[in-house]
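Quick note on labels: first sequence line is chain A, next is B, and so on, each numbered from 1. Since this is a predicted model, take the numbers as computed values, not measurements.
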Amino acid sequence: MSIEERAEPARSFGLSEESRQRWHARFEHFPWWLAGMGVLAVLVFVLITTDPDFNQAFSIIRAGLTVTILTTIIAFAVAILFGLVTGLGRISNNVLFRNLATFYVELIRGIPMLVLIFFIALVAIPGFVRGLNALGAMMLEAGFGSLATPFISLEISQVDMNLRAIIALSTTYGAFLAEIFRAGIQSIPKGQMEAARSQGMSYTQAMRYVILPQAIRNILPALGNDFVSMLKDSSLVSVLAVRDITQIARLYAGRSFKFPEAFSILAVMYLAMTVALSFLVKAMEKRMRQNER
Amino acid sequence: MNGKNDMISMRNVKKYFDSVKALNGVNLSVEKGQVVVIIGPSGSGKSTLLRCINHLEKPTSGEVWVDGELVHDHPKRLNAVRAEIGMVFQLFNLYPHLTVLENITLAQRIVNNRSKQEAAQVAQAQLERVGIPEKANAYPTQLSGGQQQRVAIARALAQNPKIMLFDEPTSALDPEMIKEVLDVMLDLARAGITMVVVTHEMGFARAAADEIVFMDHGQIVEQAPPTEFFTKPHQERTQTFLSQILSH
């Protein structure tokens, strides 16, 4: 009783010690950065709805969203395939397979992404098409006339820049994802492979049914983060004149001289997508920690 | 023993890890239905010997014969041989992403090509045998160590192995769980399954073994039936080892 009586005067000043600490903890842990983002979002929303210039910029740039999103999703799906195969190659006992995989990974990692995109889209793919043409010519000489036709008639101008951009992005990211897959596979205790092999499973079966399901579950957050990175890096394909949001914003700004409008809208579009995706990844991580066995 | 009728026959098996001689010329025969317990100080090559039987470790030289067939590295043949040799590990090595039932049915389905239904029936029967039929739908981490090891035994038995290998199956268990696992193993021994067991459990060795093999420095020092082995060991190194482990 007496303790509460002594506590009474403090409360009369406003807050008790206990609730002051509670407020302090709330202050400390409140996601102020997110509130900042929210303010930014509201600001941009207000600008878009009230300012005709911003409104115009938004409705024009918005047209590129489909290209940005589709390019990212398709390129990432292909990159996962490249990454899985290359990651398996990195840990393979086969000398050729392992060295090819390492060559690919080190090659890609040593070259800036922008340069890679130029190189793959404007050198490697045209070179590949010329190679197919030459192959077709050889087949024609060897007497496989009908089979050779598609090889000969293929022209580099038929391979559109959207496709080249996707190939360039997935080739680049395949090397990054390979390292994630490799690390994920190597994080599984050796005993798992031994148990599977001792039961008579082949290496491939053990990988498919025992190792990879566990490894992929472990690397899902890392894959999610790389998906966010790829969404941002997809802006680089604007150098190939692919009409993604970056390219459209550049064109619009150059034409109208409305640089602040175009690039603020562009930046906020990327931000909105990446922040939302980051939340998804975080939620995924949290769920995984809860399910951790 | 002429070697031809043995379930397992190891002939001058050597295994070197770089410069370390883990096995230095081992000859061992195990007859059908025999229970052989391998004991010895740590680092003496017990586990390596066991792992050479199903080529989880590939011997540097020497031959391993299992049921009249030379174990070698042709992948398909080796997988077929391994499917007939059940192995139980110190750390259980259950598949954590699968339920107990799935742990036991996976290899049956993809290695033994059994139907889903048949595999599940076999799994359930083996879970009865090791005394935890009610855990079929649990995940390994929801089980105690002793239960996990019994699932691992059921998983191996489900493939109808000719041989069961046990690599220190109770070493990672809390003391109160050792008995439940040893009881299951003792049942198997009495059921006539050919077993090779690496263990420090001398009580089990005495009760279950037909032969005890004592190893040191990558070699078999002494081999004898348990009564003889524990009462009148011939080799001085065996006597020293036994006096050290049995003094308490």
Residues of residues 98-129 of chain B contacting chain A, heavy-atom criterion under 4.5 Å, by residue number: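 Near chain A, by residue number: B:L106, B:A107, B:I110, B:V111.
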Members of residues 151-165 of chain B whose heavy atoms come closer than 4.5 Å to chain A: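 Listed by number, the contacting residues are B:R155, B:Q159.
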Are a donor atom and an acceptor atom from the side chains of A:S198 and B:N54 found within less than 3.5 Å of each other?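 No donor-acceptor contact under 3.5 Å links the two side chains.
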Just by distance, with hydrogens left out, do A:R90 and A:S92 show a side-chain donor and acceptor under 3.5 Å apart?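 The answer is no; no qualifying pair exists.
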Do side-chain atoms of [X] reach the backbone of [Y] as a donor and acceptor pair under 3.5 angstrom?
{"X": "B:S144", "Y": "B:Q147", "result": "yes"}
{"X": "A:N94", "Y": "A:F97", "result": "yes"}
{"X": "B:R150", "Y": "B:V130", "result": "yes"}

How about [atom1] on [X], more than 12 heavy atoms from neighbouring residues, nucleotides or ligands closer than 6.0 Å, or not?
{"X": "A:R109", "atom1": "CZ", "value": "yes"}
{"X": "B:K32", "atom1": "NZ", "value": "no"}
{"X": "A:F103", "atom1": "CZ", "value": "no"}

B:F89 versus chain A, heavy atoms under 4.5 Å apart: side chain, backbone, both or neither?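 Contact with chain A: side chain only.
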Sort B:L78 into side chain, backbone, both or neither according to what part of it lies under 4.5 angstrom from a heavy atom of chain A.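 Contact with chain A involves no heavy atom of B:L78 at all.
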Report the residue from A:T72, A:D233, A:T274 that forms a side chain to side chain contact (heavy atoms under 4.5 Å, CB included) with A:V228.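 So, applying the side chain to side chain contact (heavy atoms under 4.5 Å, CB included) to A:V228 and each of A:T72, A:D233, A:T274, only A:T274 qualifies.
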Looking at B:M87, B:Q142, B:R82, which one has more heavy-atom pairs under 4.5 Å with chain A than the rest?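 Winner by heavy-atom pair count: B:R82.
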Could you point out which residue of A:F176, A:Y173, A:F76 forms a ring-ring contact (aromatic ring centres under 6.0 Å, His included) with A:F227?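 It is A:F76, the one option of A:F176, A:Y173, A:F76 that forms the ring-ring contact (aromatic ring centres under 6.0 Å, His included) with A:F227.
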For residues A:W32 and A:F27, establish whether the separation of their ring centroids is below 6.0 Å.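 Distance test on ring centres: under 6.0 Å, yes.
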